[in-house]
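Numbering starts at 1 and runs along the sequence shown. Just so you know, ligand 1 is whichever comes first in the structure, and atom 1 is the first atom listed for that ligand.
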Amino acid sequence: MKVTFLGTGTSQGIPIIGSKHPVCLSNNPKDRRLRVSVLVEWDAYTYVVDCGPDFRYQMLRAGVEKINGILFTHEHADHVLGLDDIRPFYFRQGDIPVYGHKRVLNSLKKRFDYVFKTKNKYAGAPSVILNRIKNEPFEISGLKVIPVNGKHDRLQVFGFKFNDFAYLTDMKTVKDKEVEKIKNVKVLVVNALRIDPHRSHFNLEEALEFIKKVNPEKAYLTHISHLLGFHDEVEKTLPENVFLAYDELQITI
Ligand SMILES: [Zn+2]
Ligand SMILES: [Zn+2]
């Protein structure tokens, strides 16, 4: 399985528009982060987790020619606003399967009402196949995916475990019985927003505690804000098996 980090930034991305913060002004490409998303590929299959406002550029940058589906963690703007840009895939492949909690699918129907029109639908609009997921395993192209349920402040969020790879973002609390599902996984990706605590995201300390509980071989931090600091400096402070993810990083599991 190959995983490509399409974006590793928090909701505003880094740099933030108009910001003079040193991290936003950094010349290190690893400090430039698009909105959070990963590409997961195995055999002939390609799936994307989340589809935020940078989706179009992320697909171009990673040279993606087809996708088999999109899994949504939750409905926040930084995770769903790129949905209209599935059009090139839709024109070539037909309806694109999307997977999400019932609440997330309902939110897509509201935000992208024209995608779901049944009468007089605009010919240029894309179409999707809605797949509702609950907190139980489901299959995509023959691969078993295990949802990991968590909370983002008070909002329910799904992480996903694909074989030996677990991807969790926008988490603030995860119950022990959910942690059990990913214990000792080979590669864990988890969100770490900044140094200071935040009401809806793990800060660095909470992310590191969570990693200890999960005990993966390797962990990568994502959904990073400029307030975490410079990539190269923060990475030096991390435990041996923990790394900061950065845009375009590829890992094989
Ligand atoms: Zn987010
Ligand atoms: Zn969010």
Side-chain angles (χ1 to χ4, degrees), residues 3-17 19 21 23-24 31-40 47-59 70-85 98-112 133 135 147-160 166-175 178 188-204 206-207 210-211 219-229 231 234 244-249:
V3 172
T4 306
F5 288 88
L6 299 169
T8 57
T10 187
S11 55
Q12 297 186 79
I14 310 179
I16 289 179
I17 297 171
S19 168
H21 188 282
V23 173
C24 293
D31 285 321
R32 303 183 81 83
R33 303 179 186 276
L34 298 180
R35 265 60 72 87
V36 80
S37 177
V38 281
L39 196 67
V40 182
Y47 282 82
V48 190
V49 182
D50 291 328
C51 176
D54 297 315
F55 179 75
R56 173 179 174 275
Y57 179 60
Q58 289 167 329
M59 293 297 99
I70 304 168
L71 283 70
F72 286 105
T73 57
H74 65 303
E75 66 273 41
H76 278 163
D78 54 324
H79 298 255
V80 304
L81 282 192
L83 190 68
D84 190 70
D85 282 321
V98 301
Y99 299 79
H101 187 282
K102 187 182 173 194
R103 190 197 69 245
V104 174
L105 302 181
N106 285 336
S107 166
L108 295 178
K109 286 183 194 167
K110 261 199 226 159
R111 270 198 169 120
F112 299 95
I133 53 181
N135 192 11
V148 182
N149 202 37
K151 282 272 169 78
H152 181 30
D153 192 8
R154 276 175 294 177
L155 184 71
Q156 180 276 343
V157 179
F158 276 138
F160 301 106
Y167 180 80
L168 276 66
T169 188
D170 294 59
M171 294 290 181
K172 176 67 179 180
T173 43
V174 186
K175 288 195 172 144
E178 297 296 311
L188 169 69
V189 176
V190 67
N191 56 296
L193 186 72
R194 62 186 192 189
I195 305 296
D196 288 342
H198 187 276
R199 65 179 291 156
S200 53
H201 288 271
F202 285 152
N203 67 351
L204 179 60
E206 289 165 330
F210 182 76
I211 291 165
Y220 293 85
L221 304 177
T222 194
H223 209 292
I224 291 166
S225 98
H226 62 297
L227 299 174
L228 187 66
H231 178 98
V234 177
L244 285 191
Y246 55 87
D247 286 25
E248 297 190 275
L249 169 66

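Counting heavy-atom neighbours within 6.0 Å of R56 CZ, excluding the residue itself, gives a total of 12 or less.
Between D78 and R35, no side-chain nitrogen of the basic residue sits less than 4.0 Å from a carboxylate oxygen of the acidic one, so the salt-bridge criterion is not met.
Contact annotation: the side chain of V190 approaches that of L221 to within less than 4.5 Å [non-hydrogen atoms, C-beta and beyond]. Here the side chains of N149 and F158 are in contact, with some heavy-atom distance below 4.5 Å.
The Zn ion (ligand 1) has an N, O or S atom of H79 closer than 2.8 Å. The distance from the Zn ion (ligand 1) to the nearest N/O/S atom of H74 is not under 2.8 Å. The Zn ion (ligand 2) has an N, O or S atom of D170 closer than 2.8 Å.
Side chains of T169 and N191: a donor-acceptor N/O pair is absent below 3.5 angstrom, by distance only.
Closest approach between the Zn ion (ligand 1) and any N/O/S atom of D78 involves OD2. For H76, the N, O or S atom with the smallest separation from the Zn ion (ligand 2) is ND1.
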